[in-house]
Structure formats: structure tokens, C-alpha cells
2 protein chains.
Amino acid sequence: MRDVAKHAGVSVSTVSHVINETRHVSTDTRQRVLGAMDALNYQPNRLARSLRVKKTQTIGMIVPDSSNPFFSEIARHIEDYCFEQGYSVILCNSDGDLDKELFYANVLVEKQVDGILFVAVGLSEDNILKLNAQRIPIMLVDRQIPNLPLDSVLADNRRGGWLATQHLIEHGHKRIGCITGFSDLTPSSERVIGYHQALEEHNLGIDETLILQGDFHLQSGYDRANQLLDMNQPPTAIFCGNDLMAIGAMRAAGGRGLRIPDDIAIVGFDDIPIAQFTNPPLTSITQPLKKLGRLSSQLLIERIQKKDLDVAQHMLEVDLAIRQSS
Amino acid sequence: MRDVAKHAGVSVSTVSHVINETRHVSTDTRQRVLGAMDALNYQPNRLARSLRVKKTQTIGMIVPDSSNPFFSEIARHIEDYCFEQGYSVILCNSDGDLDKELFYANVLVEKQVDGILFVAVGLSEDNILKLNAQRIPIMLVDRQIPNLPLDSVLADNRRGGWLATQHLIEHGHKRIGCITGFSDLTPSSERVIGYHQALEEHNLGIDETLILQGDFHLQSGYDRANQLLDMNQPPTAIFCGNDLMAIGAMRAAGGRGLRIPDDIAIVGFDDIPIAQFTNPPLTSITQPLKKLGRLSSQLLIERIQKKDLDVAQHMLEVDLAIRQSS
DNA sequence: TAAGAAATCGATTGCGCAATCGTTTTCTTA
DNA sequence: TAAGAAAACGATTGCGCAATCGATTTCTTA
């Protein structure tokens, strides 16, 4: 910058003002400065700028696994919105590991990010509150912490579980298996609660042996479905905690020569893009992934820019996308 | 840091040395400093540190679309390795848009990232060389620029195309459709070249009407496959430029009541995780995605740390994973 | 015990920039 | 044409830190 100033015969101040358009500069000098910048191939150092203005135009995003289509879809929309707003995003994968989540959060804070998006993290309330106390804007995505003064955006998972199960019941299914995700994650447990509710409303007893825990990955859907189908009295339908496990389950059925939905109906959750293209196409619960990603980053950025905003918890509606797997 | 120093009754220098373990400090003072850091809840400011040491421990990663399983898988492995090495990664989605790629590259440079990973970017040689001239370490992933002094890691796409086509020929197919990706991307065009070569080696003429261009997404696989199957003399097998399009193609076949592989054989490319769980499981060309991600980030970080390294282009082997779709 | 060696610590500078508090020049208008 | 208003620019400081150069204190050992 000093070089540019010298080359243009002005002060550093003026160069700064030309760059940031922060006060009027005569056309003549501005041209000279711009010319010097060009001639010297000057690249502003945003690091120094950030140190000075205490803003990095960077946000951190912690997700369990960015290679999981559900998260990668959300992450994509988040990145999109941030780009539009002039923010960069630092990607952090936690694998659901609490230590890793905490470690990442600290790195982000030390790197002076302007805000952090926690997507489905399991961090304890204590830790989250500690972070919040650092006065760094925080946004919880797909995670619920009741009665806490924190912004959050999540989908109505309970209703999703209910919708899926209700749908299967309406089609005459009475023994409905359920492959859950990790029970300590609210979205996952909420889906199971919805499943319970629907069964109870129809006076169908809950058979605990029909509820198996998976890990949201393809393989576990495959394995758990095989377990269910190996039972003496196998279920006639399976509600899976997410689409990935549902796809695994469909393969398990396919591998046994079972026909979907005639022999076994399958319903997923998330409605990831691929759900429309499985054989047969997968009935699933549509989460507004785009809205989830965009709204959360939008709210975070708003909070960054205007500090005095009311805390709000946003619950997004889910929907049942009926396809041929049920 | 000044506060910590004051609280511990030492100089800022000593605090710095305690933090970075950059020179010996007596156990007593170290304890006092650590105590002060704890008492004051001190968080080092990595921004200031970076400004001083001219290293940000951050790398930029530009990918076309991080919600595409192929890229998200690579990106995940990149992030993993970088985490292990103490680097953060800034995620950039270019959508294959050259302007966006260039814009992102500039932002990354201004943010003083220590290096940039270009995953399948289409940036002109000029632009890439210009960036390289800025003395910022660059790594090309899944992109080839022959005769240029740049590090790169990519898979043997041509051989992959050959393997897939050869496999279909061996199974007696003579009319083999091909759904390509964008022809201006080397990985895509190389795959088609492999397809050509295999056909020629077996003296099977090349019917240009059997070669359709897609865009690497599910929908285009579905659409192009339907086009092929609508032909008077439809192909008996389809080689798809990537798994996503292959899954779209499988759905197109399924939608018509065609049986895979009896009525139509399908082969994909990439071997994304889901390929093992389609119905039937998808034959595909395995790219060493993990190796691709890890090796590229490893090499980049090595280049960052030791500047005098020979430039190298790494070509990774691909493999044919035979499953039931062919 | 003296004097050099080793251990331990501090004052200060500058990384590249934005912004505060100025100064100087040019324009108005009576 | 003088004097105030407005326009245009500059010197300097400090953001938080690492690192250089240096000072002081505490061992050693003959």
C-alpha cells in the first residue's frame, strides 16, 4: 500500500480511501491511485484489514459430515448465500465427535470468524453457552436446545416421523419397522417420537423389537433392514430415519428378491435429490433443505450485522413426498 | 495479551514464548502465565499472529459443486487431512463458472491463504499461471494442463473409459450408448476417448448418435437415457460419464419396465458410496477418491512448507468394480 | 571467590491496514 | 477581493501479535 501511495504520489490514507470509497477523492488522484495499483499489481491484504476493522467476512460452519448428502446439500445452500453476501465459509467436519466440535469451535473463534453455524452438533449446553458468552454470533441448525436464548432453525422432525408412519398405516401396514439414527440427536429422536405417536393414534401396539438403531449411513440401513427381514414375523414396511439408510434398506430388500413396495414398503426421510431416482423412487419426508441452509445463514448474517436482534427459534414445515416405494 | 502479561507480572514477550513454546521459560513463570491466561479467559488472536508470521494455516478449496457426491467425497478427505495437519479449509463452490472461480481465487489470495486446491476447475492457463506467479502454492485436482509447471493429481480417466467400455464389449454388447459430461473438462473428454478406443480396438464402428452430452447430474442421466431408449435401434448398454447420471439412467430404465442388466446394461464412473446400494448395484469405475483428496492436500501442504520441491503430475490408477448392473 | 557460561526474561519494532485528527488548497459569495 | 466554507488530502496511531536484539540474573568451575 505504501508502494502504491509512493507510485501515485499520494499518502497511504488516500490509497485506503480510494480502495474503500470511504471519502471523496478527486477523479484525478483516484485515477492515479488506481493506475498505481494496477501497475504494481497490488492485492489488498484482507488479513490486515480484518485485524483493523475487527471483521473477517468469514463464518465457520461445523457439520457432522459434509460428504453426507443431507449435510452437503445444506452446506451448499449456506455457502451460496454467504457468497452472495460477501462472506467466506470455513468448512469443519466433526463426525459427531464432541471433542472435535469443541476444538473446531475454538479454532474458529481464534480465527476471529464473524459467526458460527452449528449444523446438527451435539455440543453440550454448557459449551454452547460458553461460546455464546464470547459474544460471537451463533446459529443452531437442525438442533434444538429448549429454553435457551439461542437462534435456531430446524425442521419439524416429529411431524415428519408422524407423516411417514401415518402414510404407511393408511396403506394397511400394521407391522412397521423403524431404523433410527443416533438417539442422542434431537432430530433423530423426534422422528421416532412421531413414529410412536402415529402408531398409538391408531391403537397399533409398539413392538420394540421392530425399532433398530442405525447410524444414518448406507451400510447400517442395509444391515438393520436385513435384521428386520430375518425376523420370524418381519415387518411389511420400514420407516427409515434418513434416505441414506432407506436406500440401504431398499438394497437389502432387492438383494433378497423382495419387491418394493409389494413385499416391503420403505419410507425415508430428508428427500435428498437422489430419492427421486432410486428404483423404485423413494417415498420420503421432504425437508426444506434449501430454506434450511439459506434461512440459517441469512439469520446469522443479520445477527452479525445488527447486534440487537431478538432471539428466535424457527421451525420449518416438512412434507410427505409420496413415490413408488410405498 | 498485554493484560495477561500484566496479570502474570511478566512481559508480553514471555507470554508469547509461553504460548508458542518458542524459548525456554522457567516452570514458575510459565505457570503464572498459564494461570493468568486461564483467569482472564484469554483467547489468542490468530489473525494478528497470521499477519505477523505471514502464515494463516488456512487453505482454499475451489470445487464445482460440493453437493455433488463425487466432489463432496473428495472435499471431505481433503478437509480431513488438512485438519490433521492443523489447517483450516475455506470452501468455494464455482458451479463451473469461470468468473466465479477467478473471483474466489482472488478472495483467497487476499485472505492470504497458504495454498489453493483447484478441484476440477476450468480456469484458463493464463489465469492459473497468473495466480502461480503470485508465488502462492497451487494444486490442480482432477484437471490436466499439459506442459505446465504445476502440481496436479488426477485419475487415469482415459483408462477408466476404456475399462468400462471393454467390459461391456466382453459381455457381448455391440451398441453401447454413452452419456458424457461437459466436453471442455479434461476428465470428461478423456473418458469418452477411452470409450472410443475400446470400440475401435474391437472394430465396432462409432455411432455418434449414441453419444449424448449430459451435465453430470441425476436429471440429465435420466433424460439422456430416455433419449437413447427412444431410438429405433436403442443401445443394449450405456456407459455413463459419472455415477449420478448412471443412477438417473437406471431410473429411466426402471420407469420403462426394463430390467437391468438383462434389457439394458449400465456402467457408471466414480464409484461413489451409493453405487453399492442401488438396485441392482451399479458397476462403476472406481476412482481412488480418498487417495485423490489426501494426496492432493498432502502435496499442497508439503509444497507450502518446503518451497523447493520439484513439480510433479500424479496419475492415479482407476479400477473396474463389477456389480450386477452389467 | 571471581569471571565466564548459561539461563531467563524485557523493550521495541513492524506485519498491512483503517480511521482519527489534522492541514492545505480551492471554491464561494458578499 | 477578503474571509469563511467546502473540498481534498496527509501524518500518525494502534489493531494483537512474533521476533529481534538485548539486558539481567543465576549457575559453574578453576
Side-chain angles (χ1 to χ4, degrees), chain A residues 1-37 40-58 86 106-114 134-136, chain B residues 1-37 40-58 86 88 106-114 134-136 305:
Chain A
M1 199 157 158
R2 197 169 43 223
D3 296 341
V4 173
K6 195 178 298 174
H7 192 279
V10 298
S11 74
V12 252
S13 316
T14 302
V15 177
S16 171
H17 284 121
V18 168
I19 293 172
N20 301 304
E21 301 189 9
T22 171
R23 84 176 171 197
H24 189 72
V25 174
S26 70
T27 321
D28 179 46
T29 28
R30 179 168 43 247
Q31 289 310 327
R32 283 215 315 286
V33 171
L34 292 176
M37 282 170 54
L40 300 181
N41 220 293
Y42 168 75
Q43 294 268 129
N45 184 323
R46 297 211 192 189
L47 218 60
R49 181 175 204 287
S50 293
L51 182 63
R52 185 61 235 259
V53 302
K54 293 181 186 302
K55 281 194 186 108
T56 51
Q57 295 295 113
T58 303
N106 274 316
V107 170
L108 292 173
V109 168
E110 292 183 2
K111 289 207 169 174
Q112 312 293 122
V113 294
D114 295 338
Q134 302 238 8
R135 303 175 302 107
I136 176 168
Chain B
M1 196 154 159
R2 197 168 44 224
D3 296 341
V4 172
K6 196 178 298 173
H7 192 278
V10 297
S11 72
V12 251
S13 316
T14 303
V15 177
S16 170
H17 284 121
V18 168
I19 293 171
N20 301 303
E21 301 187 11
T22 170
R23 85 176 169 193
H24 190 71
V25 175
S26 70
T27 322
D28 178 47
T29 26
R30 179 169 43 245
Q31 289 309 327
R32 284 215 315 286
V33 171
L34 293 175
M37 283 171 53
L40 300 182
N41 220 293
Y42 169 75
Q43 295 267 132
N45 184 323
R46 296 210 193 189
L47 218 62
R49 180 175 206 287
S50 293
L51 182 62
R52 185 62 235 257
V53 302
K54 294 181 185 304
K55 283 194 183 107
T56 52
Q57 296 295 112
T58 303
S88 302
N106 274 316
V107 170
L108 292 175
V109 168
E110 292 182 2
K111 290 207 168 175
Q112 311 294 120
V113 295
D114 294 337
Q134 303 236 9
R135 302 176 300 107
I136 177 168
Q305 292 171 349

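FYI, side chains are in, hydrogens and waters are out, and symmetry mates aren't considered; it's all heavy atoms of this structure. So that the names make sense, note that chain A is the first sequence line, chain B the second, and so on, each numbered from 1.
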Do Val109(B) and Gln134(B) have side-chain heavy atoms sitting under 4.5 Å apart?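 A side-chain contact under 4.5 Å exists here.
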
Report yes if the side chains of Arg32(B) and Thr29(B) come closer than 4.5 Å at any heavy-atom pair, otherwise no. yes

Can you tell me which nucleotide in [options] comes closest to the side chain of [X]?
X	options	answer
Leu51(B)	dC15(D), dC17(D), dG16(C)	dG16(C)
Tyr42(B)	dC9(C), dC15(C), dC17(D)	dC17(D)
Arg23(A)	dC21(C), dA19(D), dC15(D)	dC21(C)
Lys54(B)	dG16(C), dC17(C), dC17(D)	dG16(C)
Val53(A)	dC9(C), dG16(C), dA19(C)	dA19(C)
Thr29(A)	dC17(D), dA8(D), dC15(D)	dA8(D)
Val12(A)	dC15(C), dC17(C), dT12(D)	dT12(D)

Tell me the interatomic distance from [X], atom [atom1], to [N], atom [atom2], rounded to whole angstroms.
X	N	atom1	atom2	answer
Leu47(A)	dG16(D)	CG	C1'	12 Å
Gln112(B)	dC17(C)	CD	C1'	11 Å
Arg49(B)	dG14(C)	CZ	C1'	16 Å
Lys55(B)	dA19(D)	NZ	P	9 Å
Asn20(A)	dG16(C)	CG	P	17 Å
Asn45(A)	dG14(C)	CG	C1'	13 Å

For Ser88(B) and Lys111(A), which I'm curious about, is there any donor-acceptor pair between the side chains at under 3.5 Å?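 Note: Ser88(B) and Lys111(A) side chains meet the donor-acceptor criterion.
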
Just checking [X]: base, sugar-phosphate only, or nothing, at a heavy-atom cut-off of under 4.0 Å?
X	result
Ser50(A)	nothing
Ser13(B)	base
Arg46(B)	nothing
Thr14(A)	sugar-phosphate

Using a cut-off of less than 4.0 Å, is there contact between a side-chain N or O of His24(A) and OP1 or OP2 of dA8(D)? yes

So, does Ser26(A) get its side chain near the phosphate of dC9(D), meaning an N or O under 4.0 Å from OP1 or OP2?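 Ser26(A) to dC9(D) OP1/OP2: side-chain N or O found under 4.0 Å.
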
Which residue lies more 5' along DNA chain C, comparing Ile19(A) with Val10(B) via nearest heavy atoms: Val10(B)

As an exercise, state the distance from CD1 of Ile19(B) to CG of Leu34(B), rounded to the nearest 0.5 Å. 9.0 Å

Rounded to the nearest 0.5 Å, what separation is found between the CE atom of Met1(B) and the OG atom of Ser11(B)? 8.5 Å

Does dA30(C) pair with anything, Watson-Crick or G-U wobble, both distances under 3.5 Å, and if so, with which nucleotide?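 dA30(C) is paired with dT1(D).
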
